[in-house]
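Accompanying notes for the structure given below.
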Amino acid sequence: MSTKGYAFDNASDQAGAHHDALADLLDGPTRAALGQWGDLTGRRCLEVAAGAGSVALWLAERAAEVVATDIAPQHVPPHPRLVVHRQDIVTDQPPGTFDLVHARLLLGHLPRREEALRRMVAALAPGGVLLIGEFALPPGDFVSSAPDDATADLLTRYLAAHTAALVGSGLDLAWAQRAPAAFAAAGLVEVDSRTTTGRWRGGGPGCRLLRAGIPQLRGSLLAHGLTDADLTATIGAFADPRVVVEGFHFVQISGRVPRLPRPA
């Protein structure tokens with residue numbers, strides 16, 4: 001994935017905590033969505049922006065071959081049916097054709113997301129499936145519960161700065177809603193979406209994910225009005241089980257390349 005427009009870095013000191021929180025938070029709904037496409041035995045799968053490889057490893061336990069790509073793939077562990085490539089989906093066409101292509105929390109961050117989408121669609125065999133997962137902001141108040149008004153106000157201000165920082169790096173807040181139309185425009189059929197929602201408690205995976213992002217976003221967060229004292233307090237608040245926030249909605253969009261017509 002192109003680093004231009006992407007706010008988080010696989011080489012950062014927080015990468016391990018970031019990846020662990022993502023896996024704990026999202027691997028369940030991701031596996032459920034992947035499983036709806038049936039038995040993966042004998043299939044070739046592509047995992048784009050593989051991160052620490054939790055989804056790629058899950059696929060490798062089930063499919064004939066899995067290719068995992070990332071611009072910094074050093075965290076992806078080895079597996080006999082897993083091939084890892086250092087690759088940027090914005091500029092590089094994936095190697096070969098695949099029955100399933102998956103990417104999570106990627107396209108919404110990329111200013112050139114339509115180019116990346118076209119490359120992923122082009123990598124699909126006839127009848128192949130593309131599945132992506134994206135965050136969308138929850139409606140209404142972010143903070144459901146906090147130990148005091150000052151903490152609630154801090155976390156509300158933090159979300160505003162967090163969102164502004166990511167938008168400044170290229171995040172499209174409306175991408176999860178626009179993606180189904182983009183899938184159809186790219187020629188995919190049977191386009192569908194599913195949304196996972198829920199509250200995040202301090203110390204849980206969602207709040208751990210937000211905590212891991214704070215040092216990586218520090219410069220932008222300060223530029224959007226927070227102080228180092230605010231960031232220290234926010235890190236503490238996201239570890240406090242008395243804190244409950246409305247979790248980001250996890251929207252998964254899928255579509256299929258039309259199958260070849262059967263011989264007459």
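Every heavy atom of this structure was used, including side-chain atoms; hydrogens, water molecules and symmetry mates were not. Note that the coordinates shown come from a computational prediction; the quantities given were computed from them, not determined experimentally.
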*Test: Glu134 and Arg178 ion pair at under 4.0 Å*: no
_Give me the atom names and distance for the closest heavy-atom approach of Pro78 to Leu57._
O-CD2, 4.3 Å
*If only atom types and distance count, is the side chain of Asp240 paired as donor or acceptor with the main-chain N or O of Ala237 below 3.5 Å?*
no
*Grab the two heavy atoms, one from Ala60 and one from Leu82, that are nearest each other, plus how far apart they are.*
CB-CB, 4.3 Å
*Whether Arg44 side chain and Glu65 backbone form a donor-acceptor pair below 3.5 Å*: no
*hydrophobic_cluster_shared for Val76 and Val83, side chain cutoff 4.5 Å*: no
*Write down the atom of His79, the atom of Glu61, and the distance for their closest heavy-atom approach.*
NE2-OE2, 3.0 Å
*asked:* Apply side chain to side chain contact (heavy atoms under 4.5 Å, CB included) to residues Thr30 and Gln252 and explain how you reach the verdict.
replied: CA-CA 8 Å; Thr30 298; Gln252 296 185 90; 4.0 Å; yes
_Under a 4.0 Å threshold between the charged nitrogen and the carboxylate oxygen, would Asp92 count as salt-bridged to Arg119?_
no
*asked:* Taking Asp27 first and then Arg104, would you say they form a salt bridge - that is, a charged N and a carboxylate O separated by under 4.0 Å?
replied: yes
_From CG (Leu209) to CG (Leu22), nearest 0.5 Å_ = 5.0 Å
*Classify the angle between the aromatic ring planes of Phe135 and Phe250 as parallel (below 30°), tilted (30 to 60°) or perpendicular (above 60°).*
perpendicular
*asked:* So which atom in Ala174 and which in Asp172 form the shortest heavy-atom distance, rounded to 0.1 Å?
replied: N-OD1, 2.9 Å
*Are Leu124 and Leu59 in one and the same hydrophobic cluster, where Ile, Leu, Val, Met, Phe, Trp and Tyr link if side-chain heavy atoms are under 4.5 Å apart?*
no
*salt bridge (Lys or Arg N to Asp or Glu O under 4.0 Å) with Asp13: which residues, sequence neighbours excluded?*
none
*Got Val245 and Leu159 here, is their nearest side-chain heavy-atom distance under 4.5 Å?*
no
_Shortest non-hydrogen contact from Ile253 toward Phe183_ = O-CE2, 3.7 Å
*Evaluate the side chain to side chain contact (heavy atoms under 4.5 Å, CB included) criterion for residues Glu115 and Leu110: first the C-alpha distance (whole Å), next the side-chain angles of each, then the deciding distance (0.1 Å), finally the verdict.*
CA-CA 9 Å; Glu115 293 177 53; Leu110 300 180; over 6 Å; no
*What heavy-atom pair brings Ala239 and Arg211 nearest, and what distance separates the two atoms?*
CB-NH1, 3.6 Å
*Give a yes or no on whether the backbone of Val244 and the side-chain of Arg201 come within a donor-acceptor separation of less than 3.5 Å.*
no
*For the pair Ile89 and Leu106, evaluate side chain to side chain contact (heavy atoms under 4.5 Å, CB included) and give the outcome as yes or no after the intermediate values.*
CA-CA 10 Å; Ile89 189 61; Leu106 172 66; 4.0 Å; yes
_Let's go through Phe248 and Leu210 carefully: what are the C-alpha distance in whole Å and the side-chain angles of both, what is the deciding distance for side chain to side chain contact (heavy atoms under 4.5 Å, CB included) to 0.1 Å, and is it a yes or a no?_
CA-CA 11 Å; Phe248 299 161; Leu210 293 172; 4.0 Å; yes
*Using a 4.5 Å cut-off on heavy atoms from C-beta on, say whether the side chain of Cys45 contacts that of His102.*
no
